Amino acid sequence: MEQGKGFTYSTGERVHHRGPIFPALLAADFSVAGYSLDSARWVTKLFALGSAALLLAIGWRLFGREAGLLAAVAVLSSALLTGIGSSLDVDTVQTFFLLLTLLCLYPAVMGGKPGWAAVSGGALGLAMLTKESALLWLPLPFLLVLLLGPAVSRPRTLLGSYSAGFLAIAGWWWPYTYAVTGDIYLLGEPSGAAAWLAAGTACLLAGLVAAIFLARRGGGRSPALRTRWTATAALLLAWGGLLVIGLEQHAAWSFSANYVQNVPDYTTGALSSWIQPLPLIGVAWAYVAYRAARGSFGDRLLLLGLLLFLPFALFVANRGLHLRDLLPVIYLSYLALARAAIDFARWLAELAAEHDSGALGGAVAAGLLLAGFGAFALSETQRFADRQDAFDATVVTQAHWDNPLANEAAAWVAENVPPGTTIMSGRLYATHLYTLTEGRYPWWQLPTTRVDFEGSPLSATRRSTLFRWEDHQMPDTAAEPWLYLRRHEVQGYYVGLSERDLITDLNENRIGYVMLTGDDAGFSSLSLLPFFESHPYFRNAESFSSGPKDAVHIFRVLPGYEEPVAPPTLVNGATDEALRERFGQQRAQELLESLSPGGYAISAAYAAVRPPLSEPTENEE
């Protein structure tokens, strides 16, 4: 974008899996501060600071100055939030716009100001164009108006302004992605998406009609609070259930929907390790729910934000995804904690005043708050400092953007490969090197796919790519023979690479060089090193190594690779064992032997990294 190439992938295709807000921010940053990863990180750092400021403003407006200040202290001190805010994750920017949505809803609903409602809808549109999970909050003002009932003036105008603001910012995205892919964004093919679209539209229309009807004034026609709560709960369950089912149906990989076991495990593992103090945060949310039931507008707004994001939070916990996917909930949780802590301190002060020691009670309450939040800030700051001290920039981690081997490889490419030459490499490494080479080379990823097993006799078939935005690139031809099969040791799905897919991508996209790297998003292309070293249509151009598992090998692609050579499929020992446990010895053996006419070979978890090959002779060139 900064170079005027438009909103495209590293391959030159138009981006369609996620909106352009975050890349546009990076492009603006590059145009001002220069093209580097260090300058890129300033975008997320500034938005993290902005999110803390917004949380301060929200807490101040809804619950008082002290609650806002304590919430801001908590998020600025959190080791988790500081780490995410220093990364290149889009979640920090999305959270900023979601908090802005909340802040603008207050004057819109409480003051009956349509302009603020439109700004709130626009802020949600920006959040959605940053990361699509922001759509979870789409019904927020409908539910809020429904809960408040006759206290809201001009509900129809407010909701219309909010919807118009959202559509003005984000409405173009669905026609755009349909034009690029032929699919409905997030829903898939139009024929299969119709039912989901109808169900979601029905939920939103039901919320709109219920909110306007139950907010009517006068003539004794205003329904009781219990009726409004019932309608709100029903719509929340309908929306949440629709989203949970939809997420499971459209997930990038299959996973056991065992919420009863996985959610508690995620809570006691990931959440309790990073979000402190988790038990007190749970108590704080219970208090927010109590105050919301008693009629507090701020608590209702806060609680609705949590409940609308809860389906995605459950999905994240069930699949063991990263905590950054829950970032908006974490920010709201610290606001809930600060809000509850302030009320607890006030209660202590009032209790002391009843016994003629008001000044002392107030001092004790303030001391408890300062001590508690001070201890939290000190502990989290130390934890973040320990993480920074433990980081060694010389250690190679293939998916890490400060990987020294990646810097060496990028420098070699920039010096030896003509700009515009198309290069292919492992998963995340492609994006990494595309950035390090300042976008001068189109960069494709090795066509690895999710593999499932079906039929009798048992056979391996392509299910999808590892990332949904690549699905449209999957060839329609048969995938065999397979070069590589590996079970992802964490997620449990299988990753494969077929030789026919490789040939198709090399020729259709005119790949000039192929780069093999170590472990990268559950896939080690180093395991394919023997295949590329012995193949007549690849020549080793350069190799970099820093250890037995960490290397980069760059191969030049020669013309003429049209037919598979069908070598043995490389399968590591852990994958072989997992298949035998799943299907039994005989069926697993038959499956492995059928992957390629050349049979299969058991490789190490990572192929042994060989010393750099000698320079090609003049005849070889």
Side-chain angles (χ1 to χ4, degrees), residues 54-72 98-121 123-124 137-159 161-162 165 207-208 210-217 222-233 235-236 284-310 328-329 331-344 346-347:
L54 286 176
L55 202 67
L56 167 63
I58 293 170
W60 195 321
R61 178 64 66 92
L62 299 181
F63 309 117
R65 176 182 54 198
E66 295 84 358
L69 287 170
L70 286 179
L98 286 176
L99 293 176
L100 184 61
T101 301
L102 279 188
L103 184 62
C104 295
L105 266 182
Y106 180 85
V109 175
M110 294 303 291
K113 298 178 179 179
W116 282 108
V119 174
S120 179
L124 184 66
W137 273 18
L138 193 58
L140 179 57
F142 304 116
L143 297 173
L144 193 62
V145 169
L146 181 58
L147 274 181
L148 294 176
V152 180
S153 62
R154 298 189 296 168
R156 185 179 306 173
T157 303
L158 288 176
L159 296 178
S161 298
Y162 168 84
L208 176 63
I212 294 173
F213 175 75
L214 295 180
R216 294 172 65 181
R217 298 170 177 268
S222 176
L225 177 61
R226 180 178 298 179
T227 304
R228 298 200 302 273
W229 273 100
T230 302
T232 303
L235 288 169
L236 271 171
W285 276 117
Y287 180 70
V288 167
Y290 165 75
R291 295 295 301 172
R294 296 294 297 270
S296 168
F297 170 79
D299 291 285
R300 289 180 179 181
L301 183 60
L302 199 58
L303 186 62
L304 283 175
L306 171 71
L307 293 177
L308 285 172
F309 219 88
L310 194 58
V329 171
Y331 272 82
L332 295 183
S333 294
Y334 282 125
L335 179 55
L337 179 64
R339 185 264 188 282
I342 289 298
D343 270 18
F344 177 70
R346 288 170 179 163
W347 176 77

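Nothing here was measured: the structure is a model prediction, and the numbers come from that model.
Using a cut-off of 4.0 Å between Lys/Arg side-chain N and Asp/Glu carboxylate O, Asp299 and Arg294 are scored as not salt-bridged.
With hydrogens and angles ignored, the 3.5 Å screen pairs a side-chain donor or acceptor of Thr101 with a backbone N or O of Leu124. Remark: the backbone N or O of Leu138 is paired with a side-chain donor or acceptor of Tyr162 at under 3.5 angstrom. Formation of a donor-acceptor pair under 3.5 Å by the Arg154 side chain with backbone atoms of Gly112 is found in this model. Side-chain atoms of Trp137 never come within 3.5 Å of backbone atoms of Leu308 as a donor-acceptor pair (strictly under, hydrogens ignored).
Closest approach of Gly305 to Leu332, counting heavy atoms only: C-CD1, 4.0 Å. Across all their heavy atoms, Ser333 and Trp285 have their closest contact at OG-NE1, 3.0 Å.
Expressed to the nearest 0.5 Å, how far CD of Glu66 lies from CZ of Arg346 amounts to 5.5 Å. Taken from CD1 in Ile58 to CZ in Arg339, the straight-line distance is 14.5 Å, to the nearest 0.5 Å. For the atom pair CG (Leu304) and CG (Leu147), the distance works out to 5.5 Å, reported to the nearest 0.5 Å. Here the straight-line distance linking atom CZ of Phe142 with atom CG of Leu140 works out to 10.0 Å at 0.5 Å rounding.
Enclosure of atom CH2 in Trp116 is not indicated, since only 12 or fewer non-hydrogen atoms of other residues, nucleotides or ligands lie within 6.0 angstrom. Within 6.0 Å of CZ on Phe344 lie no more than 12 heavy atoms contributed by other residues, nucleotides or ligands. In Arg65, the CZ atom is not crowded: 12 or fewer heavy atoms of neighbouring residues, nucleotides or ligands sit closer than 6.0 Å.
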